[in-house]
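Notes for the one structure printed next.
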Amino acid sequence: QVQLVESGGGLVQAGGSLRLSCAASGRTFSSLAMGWFRQAPGKEREFVAAIINFGGGTHYADSLKGRFTISRTNAKNTLALQMNSLKPEDTAVYYCAASQRPVTSRTMDASGSYAYWGQGTQVTVSS
């Protein structure tokens, strides 16, 4: 019911910025909880940021707060992740995810909370 397509990844030097976008299909975008996750080679998929449905606001991984900003534009069915002051350790495939089910601050950092996933976009930060 929900299709997600990420874009905006690429190669950037340390200290630079990238803005990722996620385009969502369907007519229920405004009711979705949306999140960004990333997975580096040889590592588990980890939580980056989320916008909680039902007015829950935005949330970030503690290590990323202050550098990354998540936002959504409901009229365009898009989710964005602004990434600033990028570090080589930010190199990963970044995925957007969506949930039609309620997501809270206690569950928004778990991959299993999201039923829909995009294909991912590669972000590479050079040192």
Side-chain angles (χ1 to χ4, degrees):
Q1 292 182 317
V2 179
Q3 295 180 346
L4 306 173
V5 180
E6 303 97 333
S7 63
L11 176 65
V12 64
Q13 294 182 348
S17 299
L18 282 175
R19 184 177 178 87
L20 306 183
S21 295
C22 176
S25 66
R27 301 168 60 187
T28 61
F29 179 78
S30 62
S31 66
L32 298 174
M34 303 292 298
W36 286 99
F37 291 76
R38 68 185 185 183
Q39 187 167 20
K43 295 184 178 181
E44 300 289 335
R45 186 168 298 186
E46 65 176 344
F47 171 73
V48 173
I51 291 182
I52 307 302
N53 50 4
F54 307 107
T58 59
H59 303 269
Y60 300 89
D62 288 341
S63 63
L64 303 178
K65 187 176 296 183
R67 296 195 298 120
F68 289 15
T69 303
I70 188 171
S71 62
R72 70 193 299 166
T73 303
N74 290 337
K76 298 182 178 180
N77 288 4
T78 57
L79 178 77
L81 182 70
Q82 179 66 43
M83 305 185 295
N84 299 324
S85 301
L86 285 164
K87 305 174 181 179
E89 51 262 44
D90 294 321
T91 295
V93 176
Y94 284 71
Y95 300 89
C96 67
S99 175
Q100 298 184 65
R101 303 290 299 276
V103 174
T104 71
S105 60
R106 298 176 64 88
T107 61
M108 50 76 187
D109 61 343
S111 297
S113 297
Y114 303 87
Y116 304 98
W117 294 82
Q119 85 289 346
T121 185
Q122 177 70 48
V123 172
T124 302
V125 184
S126 62
S127 60

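Just so you know, residue 1 is the first one in the sequence shown, and it goes up from there. The shown structure was predicted, so the numbers you read here are calculated from the model rather than taken from an experiment. Atoms considered below: every heavy atom in the structure, side chains included; atoms not considered: hydrogens, waters and symmetry mates.
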Review point. Quick check: does any side chain N or O of Gln3 sit under 3.5 Å from a backbone N or O of Ser25, one acting as donor and the other as acceptor?
Key: no

Review point. Out of curiosity, Phe29 CZ to Cys22 SG, how far, rounded to the nearest 0.5 Å?
Key: 7.0 Å

Study note, to complete from the structure: For Gln39 and Lys43 the tightest heavy-atom approach is NE2-O, 3.1 Å

Exercise for review: Show which residues join Tyr95 in its hydrophobic cluster (side-chain heavy-atom contacts under 4.5 Å, direct or indirect), or state none.
Suggested key: Phe37, Phe47, Ile52, Val93, Val103, Met108, Tyr114, Trp117

Review point. Between the side chain of Thr69 and the main-chain N/O of Gln82, is any donor-acceptor distance below 3.5 Å?
Key: no

Check your understanding: What closest approach, in Å, do Ala98 and Val2 show between heavy atoms, and which atom pair accounts for it?
Key -> CB-CG1, 4.4 Å

Exercise for review: Supply the atom-to-atom distance Thr58 OG1 to Met34 CE, rounded to the nearest 0.5 angstrom.
Suggested key: 14.0 Å

Check your understanding: What is the distance from atom CH2 of Trp36 to atom CD1 of Ile51, rounded to the nearest 0.5 Å?
Key -> 10.5 Å

**Study point:** Gap between atom OG of Ser126 and atom CG of Leu86 - 0.5 Å precision
**Key:** 10.0 Å

Review point. Taking side chain as C-beta onward, heavy atoms only, is Val123 less than 4.5 Å from Met83?
Key: yes

Point to revise | Nearest-0.5 Å distance that lies between atom CD in Glu46 and atom CG in Asp109 | key: 11.0 Å

Point to revise | Val5 backbone acceptor or donor facing Gln119 side chain under 3.5 Å | key: no

Review point. If every non-hydrogen atom of Ala80 is compared with every non-hydrogen atom of Arg19, which pair is closest and at what distance?
Key: CB-NH2, 3.4 Å

Practice item. For side-chain contact (heavy atoms from CB on, under 4.5 Å), just list the numbers for Phe68 and Asp90, CA-CA rounded to whole Å, side-chain angles, deciding distance to a tenth of an Å, and then say yes or no. Key: CA-CA 11 Å; Phe68 289 15; Asp90 294 321; 4.0 Å; yes

Practice item. Ignoring hydrogens and angles, tell me if any N or O in the side chain of Thr107 forms a donor-acceptor pair with the backbone of Ser113 under 3.5 Å. Key: no

Point to revise | Considering all heavy atoms, the nearest Ser127-Ala14 contact | key: CA-CB, 4.4 Å

Revision key, fill the gap. Nearest heavy-atom contact between Asn84 and Ser17 is OD1-OG, 2.9 Å

Check your understanding: Is any side-chain heavy atom of Thr78 closer than 4.5 Å to a side-chain heavy atom of Ser21?
Key -> no

Check your understanding: Any sub-3.5 Å donor-acceptor pair from Arg101's side-chain atoms to Ala115's backbone N or O?
Key -> no

Point to revise | Gln122 side chain reached by Thr91 side chain, heavy atoms, under 4.5 Å | key: yes

Exercise for review: Assess whether atom CD of Gln13 is packed by more than 12 heavy atoms of other residues, nucleotides or ligands within 6.0 Å.
Suggested key: no

Revision key, fill the gap. On a heavy-atom basis, the closest approach of His59 and Ser105 is CE1-CB, 3.9 Å

Review point. Measuring from Leu18:CG to Leu11:CG, what's the distance to the nearest 0.5 Å?
Key: 8.5 Å

Point to revise | Heavy-atom side-chain proximity of Leu32 to Gln100 below 4.5 angstrom | key: yes

Exercise for review: Answer whether the closest heavy-atom distance between the side chains of Leu20 and Arg38 falls below 4.5 Å.
Suggested key: no

